[in-house]
There are 2 protein chains.
Amino acid sequence: MKFGVLGTGMVGRTIGTKLVSLGHEVRMGARTATNEKARDWAREHAPKATFGSFGDAAAFGETIFNCTNGANSIEALRSAGDRLANKIVIDVANPLDFSKGMPPTLTIVNDDSLGERIQKTFPRAKVVKALNTINCAVMVDPQKVAGGEHDVFVAGNDGAAKEQVTELLRTFGWKNVVDAGDIGASRGLEAYLLLWVRLMGALKTPSFNVHVVR
Amino acid sequence: MKFGVLGTGMVGRTIGTKLVSLGHEVRMGARTATNEKARDWAREHAPKATFGSFGDAAAFGETIFNCTNGANSIEALRSAGDRLANKIVIDVANPLDFSKGMPPTLTIVNDDSLGERIQKTFPRAKVVKALNTINCAVMVDPQKVAGGEHDVFVAGNDGAAKEQVTELLRTFGWKNVVDAGDIGASRGLEAYLLLWVRLMGALKTPSFNVHVVR
């Protein structure tokens, strides 16, 4: 499949590399079409990997990963514009605010979420919130933690889109994909970050996750 | 031991009953000293169970459980006043706002928490946030879920107080008590409720929990 990965940070590069390793073609998008991190990453993973602007990556991908900084996600996706229509947008971002130091707070929380804002701003996109609750090394290698016996969540309004994302996550190695409901569940998945950062501090590692049990 | 349980709702009655069943003496406190729910509960569990005002319960208990509605917790604890000094206050409450319907939002979130506000308002109390992340039936019977292989969190500034609460939780049946850090971790533990309510909806049961794995 063809993927557009928006964002050149650790999360975008980690997910882009995983997708290439699974045989997919990936175009990484940045604010400018000449971003050095995107260029270096694409060179390292050629020929399956290419790079360009946010709009180039969104046009290229059949499915789009939003791996931009949560504070800039809406703006980044706006520059991809109409090219998101009818495509699955997997929103991995968190609206974290580090401006007051550690631990971060959230810029959107409680009665709204980034996932919902993206869906509202791009009503023709099929937004699926996923993977935002885990460190990026674990996102693409769930076996790293407890033999993979832990959970990733998906939330979104389009059931078929969630099923496709679930299948993709299974190819990443995820055994347990929990459907948390419609895109409104992003409120819970993003607010969980406030617990995640505390647990990271208490456990002294970002390499952990939660397993939901009944 | 002697416990004061503030609050006559399902959570207060469930925890009070568990404490009595473990052989403790429990005084349940309410806004008025003649609350019918407190009186009925105390009669049912006499002679270990008694009832009175919030102040009566706080004076009686060596350790205090705050099981009041999160929106009213500070006011309820204020009426217990100086009687909280040097005592452990186990804060089980969540600052949930149901005024806009389901799912609820939080009245305190992101850069503050109920746990922190209680500690700040009663600096001589030893506040330990605990048990607020689980349905009350599971709080007192963790074996109900996945053979008890899941976690309860404690957060607070006083290490010895957290150890005492941890020991108490073990007598409730908890195998895994995770120290989430100082009382500031209440931000994470309370914000998690926004995820909890979504998972309850998705799983169609309040009888679940999370297990943190590394």
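Naming: A, B, ... by sequence-line order, numbering from 1 per chain. Keep in mind that what you see is a predicted model, and the values were worked out from it rather than measured.
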**Study point:** Toward chain B, the part of A/L203 with a non-hydrogen atom under 4.5 Å
**Key:** both

Point to revise | Heavy atoms of other groups near A/K175 NZ, more than 12 under 6.0 Å | key: yes

Check your understanding: For the side chain of A/N110 and the backbone of B/L106, is there at least one donor-acceptor N/O pair under 3.5 Å apart?
Key -> yes

Review point. If you count the non-hydrogen atoms of other residues, nucleotides and ligands that lie under 6.0 Å from CE in A/M10, is the total more than 12?
Key: no

**Study point:** Heavy atoms of other groups near B/D82 CG, more than 12 under 6.0 Å
**Key:** no

Practice item. Specify which of B/V145, B/D151, B/V178, B/L193 makes the most heavy-atom pairs with chain A at under 4.5 Å. Key: B/V145

Point to revise | Reported CZ-to-OG1 distance for the pair B/R214 and A/T205, which is rounded to 0.5 angstrom | key: 8.0 Å

**Study point:** A/H211 and B/N209, any side-chain heavy atoms less than 4.5 Å apart
**Key:** no

Revision key, fill the gap. Turns out that what part of A/E149 lies under 4.5 Å from chain B's heavy atoms comes down to backbone

Practice item. Mind ranking A/S186, A/A155, A/P103, A/A146 by heavy-atom pairs under 4.5 Å with chain B and telling me who comes out on top? Key: A/A146

Check your understanding: What part of A/D97 gets closer than 4.5 Å to chain B, counting heavy atoms only: side chain, backbone, both or neither?
Key -> neither

Check your understanding: Are more than 12 heavy atoms from other residues, nucleotides or ligands located less than 6.0 Å from atom CG of A/D40?
Key -> yes

Practice item. Could you tell me whether the side chain of B/T133 reaches within less than 4.5 Å of the side chain of A/L195, counting heavy atoms only? Key: no

Review point. Quick one: CG on A/D112 to OG1 on B/T105, what's the gap to the nearest 0.5 Å?
Key: 12.0 Å

Check your understanding: Taking side chain as C-beta onward, heavy atoms only, is B/V197 less than 4.5 Å from A/R187?
Key -> no

**Study point:** Part of B/V109 within contact of chain A (heavy atom distance under 4.5 Å)
**Key:** side chain

Review point. B/D182 versus chain A, heavy atoms under 4.5 Å apart: side chain, backbone, both or neither?
Key: side chain

Exercise for review: Nearest 0.5 Å please: distance from the OH atom of A/Y192 over to the CG atom of B/L194.
Suggested key: 14.0 Å

Check your understanding: Is chain B contacted by the side chain of A/V212, its backbone, both, or neither, given a heavy-atom distance below 4.5 Å?
Key -> both

Review point. Does CZ belonging to B/R170 count more than 12 external heavy atoms closer than 6.0 Å?
Key: yes

